[in-house]
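So that the names make sense, note that chain A is the first sequence line, chain B the second, and so on, each numbered from 1.
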Protein chains: 2
Amino acid sequence: MHNSRLEAATALFIRRWGEMGASWGISRTMAEIHALLFLTTEPLCTDDIMERLQVSRGSASTNLRQLVNWGLIYRVHQRGDRKEYFEAEHDVWQMFEIITRERSRREVQPIVETIEKCLEMISQDGDAETTPRAEAARRRMAAMHDFFSTMNRLFNLMVKVGPRGLSPMTRAIEKLQRLA
Amino acid sequence: MHNSRLEAATALFIRRWGEMGASWGISRTMAEIHALLFLTTEPLCTDDIMERLQVSRGSASTNLRQLVNWGLIYRVHQRGDRKEYFEAEHDVWQMFEIITRERSRREVQPIVETIEKCLEMISQDGDAETTPRAEAARRRMAAMHDFFSTMNRLFNLMVKVGPRGLSPMTRAIEKLQRLA
DNA sequence: CAATAGTTTCAATGACGATTGAAAGATTCC
DNA sequence: GGAATCTTTCAATCGTCATTGAAACTATTG
């Protein structure tokens, strides 16, 4: 490997991807491993990753497992080799779907359920006089709930139309907007 | 205040909002303060927040400043009172716009710029023979770049149609999808 | 079945960001 | 101006979460 520009570009991308991950609540190393595998054509083994990213075996193992768990990378086996190799999901659209769906399931579902519970709790007071205070809180929680369900529907729609459809669709609506 | 169900619901919502924030890279306390102000009708002062959330004056001050910085809460003044009070942006849609725009500016713009830089770096090798390896990396980075710009356009569109428009629009497209 | 190769686990450690509280800095009031 | 009230700052501390590395575990090989 003597393609130094490619190496430099790869390193730069990996660093930034790691930083972005960190600020979105994903461990820097996990994001870096993901970036490395995303850019690399051939599958890599644990030792490759340890060397390229200078991390311990334990960390590599843990983070790889988590990435497999998310569905963002796959375990692959090389014929005639005992080692396990890893390969990333390379389709950006697929990645988006996976990440959004997982985060939704793990992190927004709980809050949606909580909101529902809260709404029940508040409206049980409704037998008595509803205080303005309670009514205001109820309305805001309801608005939040609506927001999440609209976003959820929109996401499902995006997944359905897919990347091929989304861009033209967006453009079409933009055009309609401009006319209106 | 004797509306115990409302209090319980509020506390529950705040706790969960804080947890969600934490897993999205926002400090738990900052998210909790935001939730408290979101649910409360009248503006609150620093001492109210310290008491309700059991945090120090320093922490309250810092987190409030950050929230003001994000544009998610406003400083308001009560006539005949020297204290500063805080009020949240109560419109959920507006909140979404603010959060998305800020996160985009702070956290996705840098990666987009990095991708552009990387693409340049790689294509400068293009004078020489482009290795398959470099070509694969280039293609993936380009796909990622496309993804971000599509998402950006979609976001602008959503903001333009607004909440009133989005839900019907989504439904309309869903219907078209079902027919196709 | 023992030896070898590879992977996972987990207690200890480390790094980093958040929080605290007291001191310094503003602002308003008389 | 200076006393009173409120806010911000920041060095020290605390808590949390990721990482380390060695030991335990699993799976292949001859």
Could you list the protein-to-nucleotides 12-14 of chain C atom pairs, N/O on both sides, closer than 3.5 Å?
none

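- Summary of the strand contacts: A:Arg28 and B:Thr46 both lie near DNA chain D, and taking for each the nucleotide with the nearest heavy atom, the more 5' one is attributed to B:Thr46.
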Got a list of side-chain donor-acceptor pairs under 3.5 Å for residues 168-176 of chain B, not counting sequence neighbours?
from, atom 1, to, atom 2, distance (Å)
B:Thr170, OG1, B:Leu166, O, 2.7
B:Arg171, NH2, B:Ser167, OG, 3.3

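- Grouped with A:Val76 in one hydrophobic cluster are A:Tyr85, the linkage being side-chain heavy-atom contacts under 4.5 Å among Ile, Leu, Val, Met, Phe, Trp and Tyr residues.
- Rounded to an integer number of Å, the gap from CH2 of B:Trp24 to C1' of C:dG17 is 20 Å.
- The B:Glu84 side chain lies nearest to D:dT8 when the options are C:dT19, D:dT8, C:dT20.
- Of the possible polar contacts, one joining the B:Arg140 side chain to the A:Phe38 backbone as a donor-acceptor pair under 3.5 Å is found.
- The stretch residues 56-83 of chain B touches DNA chain D through B:Arg57, B:Gly58, B:Ser61, B:Arg65, B:Arg75, B:Arg82, B:Lys83, each having a heavy atom within less than 4.0 Å of the strand.
- Side chain of B:Ser149 to main chain of B:Asp146: a donor-acceptor pair is present (N/O by atom type, distance under 3.5 Å, no hydrogens or angles).
- Ion pairing between a basic and an acidic side chain is recognised when a charged N comes within 4.0 Å of a carboxylate O; B:Glu42 and A:Arg133 show such pairing.
- Distance alone, capped at 3.5 Å, places no donor-acceptor pair between the A:Ser61 side chain and the A:Arg57 backbone.
- Between B:Leu53 atom CG and C:dA18 atom C1' the separation is 14 Å, expressed in whole Å.
- Judged by distance alone, with hydrogens and angles left aside, the side-chain atoms of A:Asp48 form a donor-acceptor pair with the main-chain N or O of A:Cys45 at under 3.5 Å.
- Remark: A:Trp70 engages no residue in a ring pair (Phe, Tyr, Trp, His ring centres under 6.0 Å) (not counting sequence neighbours).
- One finds no salt bridge joining A:Glu19 and A:Arg15 here, because no Lys/Arg side-chain nitrogen approaches an Asp/Glu carboxylate oxygen to under 4.0 Å.
- Across residues 32-44 of chain A, not one residue has a non-hydrogen atom less than 4.0 Å from an atom of DNA chain D.
- Using cut-offs of 30° and 60° on the angle between ring planes, the pair B:Phe13 and B:Trp17 is parallel.
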